[in-house]
*Asks:* 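Here you go, one structure.
Counting convention: from 1, in listed order, for ligands and their atoms alike. None of these values were measured; they are calculated from a predicted model.
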Amino acid sequence: MTFSETITDWYAACGRDLPWRRTRDPYAVWLSEIILQQTRVAQGWAYWERFMERFPTVEDLAAAPEDEVLRLWQGLGYYSRARNLHTAAKQIVAMGGFPSTLEGIRSLKGVGDYTAAAIGSIAFGLPAAVVDGNVYRVLARYFGIATPVGTSAAKKEFTELAQRLLPVDSPAAFNQGMMDFGATCCTPVNPACLTCPLQPSCRAFKEGRVDLLPVKQAPAKPVERHLTYVYVRFQGQTAIHRRGPGDIWQGLWEPWLTDEVPAGAKPVVQGFKHQLTHRTLLADFWLWEPAGRPGLPEGYVWIEEAELDAYAKPRLFELILGKL
Ligand code: SF4
C-alpha cells in the first residue's frame, strides 16, 4: 500500500468526527479553518458552534457590527483573525458568493496557502495539499528529511512532496487524514509508532531518529514589553479606551495606559507576566479612586463598571481585572 493510500484508509477508519466535517458548505468550512488557525480543536469547537448559531450564513456575518464579532471571538486571542474574518465575509458577499478557485479563496483576507488548500480541497475537491506543522512532522519522519522546518527551503521541499503525494481523486480525505494523523498518531512527543500503519516503511522509525525529526530552527527570543495600567474608579464608573491600528489588540478596549501613575493609586499587581507569540508583556496594574472626577486623556471614555462585560477586551485585561 502506498503512503497516500495508508493515510486515506487510516482517515476513513480513525479520522475525527467534527461538526464542520459533516458539511461541504464552504462558509462553515472556512469558519472552522480560521478558528482553528491558532486554536486547539477542543477549544475551537464551541466557538465554531457559537458563530454558526449567531451567523448561520456569510451574509449574516458580513452584516454584523465589528464589536459583536470581536465579542463572540473573545477568549480565542489573535484578534486580527476575527477582524480578517469579518472583512473576508464582506469580500465574499461583494463577490456574490464563496469563491470556488484556489486563487479566489487565497484572495480572502486572513487566508494563506494552508487555509486556501484546506478549504479548496474540503469544500470544492480542489487538488491542493495542505502543509502545516503536522504535515511537516509526518513527512519529515516518514521520509527521513532533516531540512530545518521554518526555512524557505523546507517550505518548498515539503510543499512539493505533499503535492506529489496528494491523490487527485480524494484530496479532502488525504488532507484531513494528514492533519488528524499528525495530531493523534504521529504526535510531537510519544508518537504511537508501535501501532502506526506507516511504521513498516517509516525511515525515522527504522533508523531510530523519531525523536530527532523534524529538525527545528532555534526560536527567536521573545521581546519584553512593559505596560502600566491605571484602573480609575469613580462613582461606579471606570475609564477605558479602544486600541488603535498598528499594534497589538487593535479594536479592543483596555483601561488607562500611562507612564505616570497618579499619587494615591494603589498597586494591584506588579510585573504580571503575559505571553504573546512574539513578545512577553509585563504589566503593572494600579487602582486609583480619586475624590473628584479626573479629566481623561483623549480617546478615553467613562463607562459603568457593571457594563465592562459588554466590551471586547484583551485576555491580559480580563486576567488583571480578576485581581481587583
Ligand atoms: S512510525 Fe512513528 S514516526 Fe513513523 S510515521 Fe508512524 S508514528 Fe510517525
*Asks:* Please, which pairs that meet salt bridge (Lys or Arg N to Asp or Glu O under 4.0 Å) have at least one residue in residues 20-41, sequence neighbours excluded?
*Replies:* Asp17-Arg22, Arg21-Asp180
*Asks:* Could you tell me which residues satisfy ring-ring contact (aromatic ring centres under 6.0 Å, His included) with Phe55, sequence neighbours excluded, listed by chain and number?
*Replies:* Phe51
*Asks:* Which N, O or S atoms belonging to the protein are less than 2.8 Å from atom 4 (Fe) of ligand 1?
*Replies:* Cys202 SG
*Asks:* Using the side-chain contact (heavy atoms from CB on, under 4.5 Å) criterion, which residues pair with Ser107? Sequence neighbours excluded.
*Replies:* Met95
*Asks:* Tell me whether the NZ or CZ atom of Arg293 lies within the 45° cone about the ring axis of Trp302 and under 6.0 Å from its centre.
*Replies:* yes
*Asks:* Testing Arg279, Arg225, Arg315 for side chain to side chain contact (heavy atoms under 4.5 Å, CB included) with His274, which one passes?
*Replies:* Arg315
*Asks:* Determine whether the aromatic ring centres of residues Tyr142 and Phe3 are separated by less than 6.0 angstrom.
*Replies:* yes
